[in-house]
2 protein chains.
Amino acid sequence: MTILRSPAGIPDATVARLPLYLRALDELAERGTDVCSSEHLATAAGVNSAIVRKDLSHLGSYGTRGVGYDVRFLAGHIAAVVGQTQPWPVVIVGAGHLGSALAAYQGFGARGVKVAAVVDADPELIGTTVGGHEVLSIEDLPGIVERDAVSLGIIATPPAAAQSVADALVEAGISSILNFAPTALRVPAEVDLRQVDVAAELQILGYHAHRRQAGSTEEAVIS
Amino acid sequence: MTILRSPAGIPDATVARLPLYLRALDELAERGTDVCSSEHLATAAGVNSAIVRKDLSHLGSYGTRGVGYDVRFLAGHIAAVVGQTQPWPVVIVGAGHLGSALAAYQGFGARGVKVAAVVDADPELIGTTVGGHEVLSIEDLPGIVERDAVSLGIIATPPAAAQSVADALVEAGISSILNFAPTALRVPAEVDLRQVDVAAELQILGYHAHRRQAGSTEEAVIS
DNA sequence: CCCTGTGAAGTCGTTCACAGCG
DNA sequence: CGCTGTGAACGACTTCACAGGG
């Protein structure tokens, strides 16, 4: 008999949407909604309802047919799946504009993230305070990582420094990296790397804007 | 006969990689590389070579068989496709930590983006200077958009304000929005919307980190 | 001979549509 | 009767493998 369906092998696309559902469910809960349909959750999360049902089915989650999902129960379930039962400690490398903004960001707490430390290589910045965190030396990384059992690192440095920072993070034992520097990083296969490139996002938007403008005047000439 | 293959209908996945190629090509050009193979470009951009060739084939771009691609020519061609022949003016809404960091970001210039204005709703912030830009009132949006022909907007406000800001941007005539606020925005279909959610990225990384840790101890119990 | 450009195959994700349960 | 959960159809993207040109 089935006792526990361990949520193994959840598709990446689904995993990427779980945080959206979590956020949407938290909002619904705050507004006093106890139960919601897939349709309801879908609009709150900005996706369509078929995909919500398919995604949730991957977690082996139980809704009630004819009724919907228990908001609090589902939120707790998803939180457990993403390992957000207790906050993840994160180390931010780079105390420039972006690093400071991230260090000061108030929204992390509610999303299961807490800033363990901010480090930088620049002696001028070390010792200053950003977002309530004293900036430490990047030399201290190994100690910080071990002491707070940090497994997530954020790179918020200029591109030229990003690769060596990544190496240092891996060396210190960090296995998940979020990189804001516009560079392709080389990391070992077991390290999980995600990229945020604001300029690239704008260029993608630019492409579509460009097509909208040019679309009417330009014409394809084929054959 | 085929005179011009207008690059219509480029797959979204390809469009999303064009900025990476552009960045990689610019780096190669700076290092004095004149010609590069798909393999070469692939490693510089952090993808694999088959996808580079397929992507470039969508642009109708010409490499030389047995040799590779002319770095400068290809960069110019991609820049033209994404509409980056001249910088896109961008308006940043929200002069908090994140908005300030974006306003001060030095990397936009090289990537075909220029900050046209920074606006905020908070009277305390209006008139201050962030990243060399005087913060203007959000009331001035329509004027700014029209004067500088801005078509890209960045939302860097608290989530509670994001929807009304989006409405204001659309109202002012902006058709492409990059949203940093963790909220699902509702915009007209003709408006292009992209989302950057740092906390969500960290949660995704958290999921994998969680599985790495728990994977060995937990076990699936099926049937 | 090497590297591009591309059909074909394979993989992954989404959407559809409905059976089944509360 | 409504909504979940899911097989099946569909579509998109990636990878393979090789024909073809410089």
Side-chain angles (χ1 to χ4, degrees), chain A residues 2 5 7-21 24-25 28 33-71 73-75 77-78 81 204 207-208 222-223, chain B residues 2 5 7-21 24-25 28 33-71 73-75 77-78 81 204 207-208 222-223:
Chain A
T2 304
R5 173 118 73 92
I10 300 176
D12 286 349
T14 295
V15 171
R17 279 186 296 265
L18 294 181
L20 305 186
Y21 298 150
L25 288 166
L28 290 174
T33 311
D34 290 332
V35 170
C36 72
S37 65
S38 62
E39 188 72 42
H40 202 157
L41 178 52
T43 51
V47 299
N48 80 61
S49 62
I51 227 168
V52 168
R53 291 198 300 278
K54 180 71 76 171
D55 282 345
L56 296 184
S57 78
H58 287 300
L59 319 184
S61 145
Y62 287 0
T64 311
R65 296 184 187 220
V67 180
Y69 302 92
D70 181 295
V71 171
F73 175 82
L74 185 56
H77 191 35
I78 296 179
V81 169
I204 296 168
Y207 167 79
H208 294 292
I222 303 172
S223 211
Chain B
T2 303
R5 173 119 72 94
I10 301 176
D12 287 348
T14 295
V15 171
R17 278 186 297 264
L18 294 181
L20 305 187
Y21 298 150
L25 288 166
L28 289 174
T33 312
D34 289 332
V35 169
C36 71
S37 66
S38 62
E39 190 71 42
H40 202 157
L41 178 52
T43 51
V47 299
N48 80 61
S49 62
I51 226 168
V52 168
R53 291 199 301 278
K54 181 70 79 173
D55 282 345
L56 295 184
S57 78
H58 287 300
L59 318 184
S61 145
Y62 286 2
T64 311
R65 298 184 186 218
V67 181
Y69 302 93
D70 182 293
V71 171
F73 176 82
L74 185 56
H77 191 34
I78 296 179
V81 170
I204 295 167
Y207 166 81
H208 294 293
I222 303 173
S223 213

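Naming: A, B, ... by sequence-line order, numbering from 1 per chain. Just so you know, these numbers come straight off a predicted model, no measurement behind them.
In this structure the side chain of A:Thr64 never reaches within 4.5 angstrom of the side chain of A:Asp70, judged on heavy atoms. Side-chain contact between A:Leu74 and A:Tyr21 is absent, with no heavy atoms from C-beta onward closer than 4.5 Å. With a 4.5 Å cut-off on side-chain heavy atoms, A:Val71 and A:Asp34 do not count as touching.
Scored by the salt bridge (charged side-chain N to carboxylate O under 4.0 Å, His left out) test, B:Arg53 finds no partners at all (sequence neighbours excluded).
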*Take nucleotides 12-22 of chain D nucleotide by nucleotide from the 5' end and write B, S or -, depending on whether a protein heavy atom sits under 4.0 Å from the base, only from the sugar-phosphate, or from neither.*
-SSB-B--BB-
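Taking OG1 of A:Thr14 as the start and CD1 of A:Ile51 as the end, the distance is 7.5 Å to the nearest 0.5 Å. Considering CG of B:Leu41 and OG1 of B:Thr33, their distance stands at 11.0 Å, rounded to 0.5 Å.
Taking atom CD of B:Glu39 as the reference point, atom C1' of C:dG5 lies 15 Å away to the nearest angstrom. Atom CG in A:Leu59 sits roughly 15 Å away from atom C1' in D:dT6 (whole-Å rounding). Atom pair B:Asp70:CG and C:dT4:P shows a separation of 13 Å (rounding to whole Å applied). Between A:Leu56 atom CG and D:dT4 atom P the separation is 9 Å, expressed in whole Å.
Contact annotation: B:Ser38 does not reach the phosphate of C:dC3 (side-chain N/O to OP1 or OP2, under 4.0 Å).
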